[in-house]
Number of protein chains: 2
Amino acid sequence: MAKYRDIADQIRGKIISGEYTVGTKLPYEYVLCVNYHCNKETMKKALDILVKEGLIIRRRGAGTFVKETMLQENINPQFERSLTMRVQGKKEVTSQVVTFEVIPADCFLAEKMQIEEGDFIYHIIRNRSLDGEPYVKEITYIPLRMVPNLKINVLRHSLYDYILNQLHLRIQSCHINITSAPSTAAERDFFGLQKGEPYIQEERITYLTTGSILEYCLSRYHYAHYEFSTILVNS
Amino acid sequence: MAKYRDIADQIRGKIISGEYTVGTKLPYEYVLCVNYHCNKETMKKALDILVKEGLIIRRRGAGTFVKETMLQENINPQFERSLTMRVQGKKEVTSQVVTFEVIPADCFLAEKMQIEEGDFIYHIIRNRSLDGEPYVKEITYIPLRMVPNLKINVLRHSLYDYILNQLHLRIQSCHINITSAPSTAAERDFFGLQKGEPYIQEERITYLTTGSILEYCLSRYHYAHYEFSTILVNS
DNA sequence: GAGTGGTCTAGACCACATC
DNA sequence: ATGTGGTCTAGACCACTCT
C-alpha cells in the first residue's frame, strides 16, 4: 500500500469521525506533512484523492476545507462500489439464464468491442433478482477468446466473481452510457411494466488492465429502481 | 498553463490524429521525457490525465498503451462538457420561467444545501426548449446570499453565464444523482408524456471553489431524450 | 507582505511483467 | 535479468488569496 493512500485513508477517517469538521479548515500543508511524516508532494497526492471523492476543496492562497455536504451519502464513491458491489446489503442475488449462445459479431458489436466482424462472442441474457424481486435484465457480449470455456453454471452465480477470482483478470475501467427507451415485451414480462413504460439502460464497455475489452453489456432496469451517483470535479 | 497539461494536450492530439495508433504501445517513459523535455513525475501527471479520460492504459512492467476504443465518442469527457455545455450544437435554447420566488428553506432543502432551516432561497422553475422542442424542466434552489439581486431577465437567458461571467463565481464540483419517477401533470404538459410515463431526473448539488453550495437543482427530462456518459477508472 | 497551494526537477529506490 | 511504471524525497520557484 502506497503511503499517500494510507494518509488519505487516515484523513478521510478523521473527516468522517468529525475530528476535522465540516466547513472548517484543515491544518495547512506543512503541518500535515510533519504530522504524517511525509513530503509535500506525497501529501498533495493524498489530499487529491479526497478532492476527487468530493470530501474536501483546496484553494491556492487560502487553504484546504472540508466540504459542506451530507457525509454519509458521499463517502467512498469508489470504483468497486460502482461496479459489482453496487447491489448489496444482505440481499440474495439470483440469476435466471434466458439465453446462452455463441454467435459471430455483427458490424455493430464488432465496432463496440473493437474486434473483427464475424469473430465469435458469447451472447448471454440473464434476468437477475434481489430476494426474488426482479431487478435487472443483463444482456452481455464477451469475446470467446477472453473466457474460452464458460459454463452455464457460472452464469447462475457471479460471472464477475469467476472472471476476477478464477481467471485472475483485472478490470481497469468502464465506459458507461445511461439512456432510456420504451420497454419491449421481454422487459415488460420480467419487470411487470405496462405497455409504453420505458426501462432505463446502462450501457457498459469494460476494459481489463491489459487494455482488451472484456465485455459489452446492457443492463436494463425498471425505471423506478435505478439510481446512479457520481461526482464531477473541475479540471 | 501547467507544463503537464500542455504535454497531455499534445499527446492527446497525437492519439486522435493517429500518430499513436490504437492498441499500440507508446514510447516508454524515459523516451517521452526526453522528447517533451520534462521530468518523469511531470510526464506521469500528463499521462494520468489521459488515463482518467479513458484514452490510455499504463501497466507497470509492461508499458503504456492506447486503449482500443471508438475515439470520437470518448474524447474530452471534461467537466465543462458535462455541465453547461452538454446541450450544444447550433440549437437555440429558450427558457420559460414558470416560477420565480423567494421562500424559506424547509428541513429537506436545508439539509441538501447545508444551510439553516428558514434561510431564504430562490425557488425557480424553468421549462427549457431546444429550437422550440421541449427539452428539460429545471427546478433550481439557490441561497439568496449567493446571488443577492437576481433578475427574472437573467433566468430567461443563461443563469450559469450570469453566475460565471458577471458574478465571477467559479464552480469546483457537482454531486450528481440520476433517478426516474412517474411524471406529474406538470411534466406531462411540458413533455407531452402519457399518464404513467416517467421522467428522468438528474439531481445536482453544485459547489463553488469557495466550498459553498451554489445550488440544488433537479433537471427533469423526457425519458427518450436523456443521455449521460461517464468513465470510471479503477483505483 | 504573509500565507498557502501548485508545479517542476534530479535522483533514489521499489514493484511488477515478461522472457 | 531486464524493462517499465510507481512512489517518495528535498528543495526550488511560482501563483493565487487575503487584508
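Per chain, numbering begins at 1; letters A, B, ... match sequence-line order.
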Peer 1: Any N/O pairs under 3.5 Å between the protein and nucleotides 15-19 of chain D? List them or say none.
Peer 2:
from	atom 1	to	atom 2	distance (Å)
D:dA15	O4'	A:Arg60	NH1	2.5
D:dA15	O3'	A:Arg60	NH1	3.2
D:dT17	OP1	B:Arg170	NH2	3.2
D:dC18	OP1	A:Arg59	NH2	2.6

Peer 1: Restricting to salt bridge (charged side-chain N to carboxylate O under 4.0 Å, His left out), what partner residues turn up for A:Asp48, sequence neighbours left out?
Peer 2: A:Lys44
Peer 1: Below 4.0 angstrom, N of the basic side chain to O of the carboxylate: do A:Lys67 and A:Glu53 qualify?
Peer 2: no
Peer 1: A:Met43 or B:Gly63: which one's nearest nucleotide on DNA chain D is closer to the 5' end?
Peer 2: B:Gly63
Peer 1: Going by the rule salt bridge (charged side-chain N to carboxylate O under 4.0 Å, His left out), which residues pair with B:Arg59 if we only count those two or more places apart in sequence or in a different chain?
Peer 2: none
Peer 1: For B:Ser219, give me all partners under side-chain hydrogen bond (donor to acceptor under 3.5 Å, both in side chains), at least two apart in sequence or on another chain.
Peer 2: B:Glu138
Peer 1: Look at all strands and tell whether A:Tyr30 reaches a base, only sugar-phosphate, or nothing, counting heavy atoms closer than 4.0 Å.
Peer 2: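 No contact.
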Peer 1: Need to verify one output field. Residue with the more 5' nearest nucleotide on DNA chain D, A:His37 or B:Thr64?
Peer 2: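 The residue closer to the strand's 5' end, by nearest nucleotide, is B:Thr64.
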Peer 1: For B:Ile56 and D:dT4, what is the distance between atoms CD1 and P respectively, to the nearest whole Å?
Peer 2: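 So the CD1-P distance, B:Ile56 to D:dT4, works out to 16 Å.
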Peer 1: For A:Lys14, which residues count as a side-chain hydrogen bond (donor to acceptor under 3.5 Å, both in side chains) partner, sequence neighbours excluded?
Peer 2: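 Here the qualifying residues are A:Tyr36.
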Peer 1: Could you list the residues that satisfy salt bridge (charged side-chain N to carboxylate O under 4.0 Å, His left out) with B:Asp106, not counting sequence neighbours?
Peer 2: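 Listed in chain order: nothing, the list is empty.
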Peer 1: What does B:Lys40 touch in the nucleic acid at a heavy-atom separation under 4.0 angstrom: a base, only the sugar-phosphate, or nothing?
Peer 2: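 Base contact.
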Peer 1: Along DNA chain C, 5' to 3', what are the outermost nucleotides having an atom less than 4.0 Å from a heavy atom of chain B?
Peer 2: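 First and last nucleotides in contact are C:dT7 to C:dT18.
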Peer 1: Using the side-chain contact (heavy atoms from CB on, under 4.5 Å) criterion, which residues pair with B:Tyr30? Sequence neighbours excluded.
Peer 2: B:Tyr28, B:Val34
Peer 1: Salt bridge (charged side-chain N to carboxylate O under 4.0 Å, His left out) with A:Asp9: which residues, sequence neighbours excluded?
Peer 2: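 With sequence neighbours excluded, A:Asp9 shows a salt bridge (charged side-chain N to carboxylate O under 4.0 Å, His left out) to A:Arg12, given in chain and number order.
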